[in-house]
J.: 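Would you mind keeping the following structure in view while I ask a few things?
Letters A, B, ... mirror the listed sequences (proteins, then strands); counts begin at 1. Quantities reported herein were computed from a predicted structural model and do not represent experimental measurements.
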Amino acid sequence: MTPIRPRGTNPRPLTPKERERFDFAVIADWIPAGKHVLDLGCGDGRLLGYLSETKAITGYGVEIDHESVLRCIRNGIDVIQIDIDGGLSGFEDGSFSHAIISQALQTMHSTERILGEMLRVADEAIVSFPNFAYRVNREAIAAGHMPVSEDLPYEWYDTPNMRFFTIVDFEALCGRLGIKIRERLASDVYGQPVTDDPNLNGSLAFYRLGRS
Amino acid sequence: MIGWVFCFLMLNTMSSENSVGVVAPQRFRHDAPMALKGGGRLPSVELVFETYGTLNAARSNAVLVCHALAGNHHVAGVYADTPNSEGWWDNLVGPGKPLDTEKFFVVGINNIGGCYGSTGPLSINPETGKRYGADFPLVTVEDWVLAQSWLADHLTIDTWAAVIGGSLGGMQAIAWSLQFPERTRHVIAIASAPKLSAQNIAFNEVARQAILSDPDFHGGHYANRGVVPTRGLRLARMIGHITYLSDDQMNEKFGRQLRGGELGFSYDIDFEIESYLRHQGDKFAGFFDANTYLLTTKALDYFDPADACDGDLTTALLPARAGFLVVSFTTDWRFSPARSREIVFALMQNRRRVAYAEIDCDAGHDSFLLDDAHYHAVLRAYLENIEA
């Protein structure tokens, strides 16, 4: 599937830029070319730019942060500045093929509502997030500290994250909300897929979700 | 007391940098009758306009600036030997400014019905030899856009790189994308709305009643009697001005400050806000035409492109081909962000290109005329990406 580096060729953790590329590649792999997507918490719009360049995917980014909105506009991204914690009430049902939240769900307050709204406005939802139960994070907690790791790079006092959850937690929530997991992938910090105990060995998690 | 005076002085000083310099208005005459949307007819139309920058060889760098209620064609620059004559959007338009006249050829125009030189109530009706006055027919946003298109023809501009406007000016920009989709590459609609709300119409009606009930109005034929309905205009402007500012900003600027330091127990000015409003009203009544005010507020009230589509804005915006930048201000309650979002959602439903920025600015509706750094950065970023 995605352009993950073959195991063993370069056994160092991915740089932030490589990690972003990996994140984008996984998401792009799950969206057929030419689709119309909504990217929630789109930052400076790089994912949308990537999807447009590599697969002719169109769509809009949604962002609340003023500087990010400005960068989107500079980047020629169609960005809509609204607060999605207030829901997606202006968006019509099924107006997108995919609603994406790339590593931003943990920064949003109304998690359940947003997941429900994503699957209202789009046929599928794609979510990626840092796994709080990743081994390195567990070790930090065991040693008495809040974790700071590749995919959770913030100190506790300046993190934009407000929801801390694990792969197991997320799947439990999907179950409770009646959300169907159509595909999932956990990766380590080397950009390798993790199959052995993903909740322990996966640093980053990706989900392709649908209505059940 | 001098807070706001100082504020305006500062703006003027700041905007003198990178000015387009000395400018002069031009005139264009359309020598055929104009049938108006409301059924009226004008025997001919004259438009006063200004241009800044240079039209490129491909004629692809032209930007039309549409004015709001009290605006005009003098968008940028100064008039020779006239102090304090900066155009109303001088902070935006000029060399190196967000609407960069080194890249774009910018056109400002006074709409028909106006009182700054274009055919309007103060003009002589060639068929009667008298001023139109109250006989000037009601005009609509769509009529304005049609007249603007004749000026575009005259200037040999097939396609606008962008049509930009705030408030009522934003409505014209939207109307351009619907009436002339193939001539409008980008629309920048700031602090605008797809139609007025009942509250907005109500404010306009109060303003109109102030003018209509002024004893000097004389059914709109005040000019023939050599008078001006100053009191009505003054009141109209005062109520308008309240709605252009935000509650917070008004409190911050004026609070309950007293002009004379103590209550007067009379109906003279006690509070600074009263002084400010009276000053704004007097200033406005000194130069603006009452009939123009009346017909312009009606044009605002009547604008509703969705009306022809059973109120469905999404369907109404289907003809638009332009890329849109929609901008609103958090403290604008006259044209609130929610109204801008209606435009944005309709465009998204149609899968049109649109970016939407909601600017944190405490100055209410009038924010669109100010030079808030983030606001101007957003406009600059969007305009820089437009191919000239």
Side-chain angles (χ1 to χ4, degrees), chain A residues 34-49 51-53 56-100 117-118 120-123, chain B residues 98 162 185-191 194 312-315 317 320 322-330 332 336-362 367 372-387:
Chain A
K35 290 290 186 182
H36 190 62
V37 304
L38 185 65
D39 183 8
L40 300 170
C42 68
D44 63 8
R46 267 183 294 192
L47 172 60
L48 282 168
L51 294 174
S52 161
E53 280 167 31
I57 288 163
T58 61
Y60 304 99
V62 175
E63 182 53 65
I64 185 68
D65 176 63
H66 291 289
E67 280 311 307
S68 298
V69 168
L70 177 57
R71 283 199 291 273
C72 279
I73 292 173
R74 265 193 204 122
N75 294 338
I77 298 296
D78 291 346
V79 64
I80 312 301
Q81 186 169 23
I82 52 170
D83 184 1
I84 48 180
D85 259 335
L88 301 174
S89 53
F91 295 90
E92 305 262 340
D93 293 1
S95 25
F96 300 92
S97 66
H98 296 75
I100 305 164
E117 284 282 83
M118 288 173 84
R120 178 181 67 77
V121 303
D123 303 329
Chain B
R185 278 166 51 209
H186 291 272
V187 166
I188 303 179
I190 306 163
D312 182 6
L313 184 62
T314 303
T315 308
L317 294 188
F324 278 71
L325 172 64
V326 179
V327 177
S328 73
F329 300 95
T330 47
D332 183 355
S336 72
R339 315 305 318 284
S340 281
R341 285 196 291 263
E342 289 173 32
I343 303 166
V344 171
F345 282 120
L347 289 167
M348 280 200 288
Q349 196 57 28
N350 291 337
R351 301 198 176 185
R352 294 290 178 252
R353 296 214 55 182
V354 54
Y356 170 61
E358 203 168 294
I359 313 286
D360 255 331
C361 184
D362 69 359
S367 299
D372 174 86
H374 181 67
Y375 164 48
H376 270 199
V378 163
L379 292 181
R380 182 185 291 276
Y382 191 83
L383 285 159
E384 276 178 358
N385 281 337
I386 294 178
E387 276 180 51

J.: So what's closer than 4.5 Å to chain A heavy atoms on B:Leu347: side chain, backbone, both or neither?
T.: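 Backbone only.
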J.: Rounded to the nearest 0.5 Å, what's the gap from CD on B:Glu358 to NE2 on A:His66? Could you check?
T.: 8.0 Å
J.: Counting only non-hydrogen atoms closer than 4.5 Å, does A:Leu38 touch chain B with its backbone (N, CA, C, O), its side chain (CB onward), both, or neither?
T.: neither
J.: With a 4.5 angstrom heavy-atom cut-off, which part of B:Arg341 approaches chain A: side chain, backbone, both or neither?
T.: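 It is the side chain, since no backbone atom gets that close.
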J.: Is a side-chain donor or acceptor of A:Asn75 paired with a backbone partner of A:Arg46 at a separation under 3.5 angstrom?
T.: no
J.: Is any side-chain N of the basic residue among B:Arg185 and B:Glu387 closer than 4.0 Å to the acidic one's carboxylate O?
T.: no
J.: Need one label for B:Arg380: side chain, backbone, both or neither, based on atoms under 4.5 Å from any heavy atom in chain A.
T.: neither
J.: Taking B:Val378, B:Asp360, B:Val354, B:Asn385 one by one, which has the highest count of heavy-atom pairs under 4.5 Å against chain A?
T.: B:Val354
J.: Donor-acceptor check, side chain of A:Glu117 to backbone of A:Leu88, threshold 3.5 angstrom: yes or no?
T.: yes
J.: Measuring from A:Met118:CE to A:Ile84:CD1, what's the distance to the nearest 0.5 Å?
T.: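 Here the interatomic distance stands at 8.0 Å.
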J.: Are the side chain of B:Asn350 and the backbone N or O of B:Arg352 linked by a donor-acceptor pair below 3.5 Å?
T.: no
J.: For each of A:Glu63, A:Glu92, A:Arg71, A:His36, tally heavy-atom pairs with chain B at distances under 4.5 Å, and name the one with the top tally.
T.: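 Top option by heavy-atom pairs under 4.5 Å: A:His36.
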J.: With respect to chain A, which residue among B:Gly323, B:Ala355, B:Ser328 yields the maximal number of heavy-atom pairs within a distance under 4.5 Å?
T.: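 When all of B:Gly323, B:Ala355, B:Ser328 are compared, B:Ala355 has the most.
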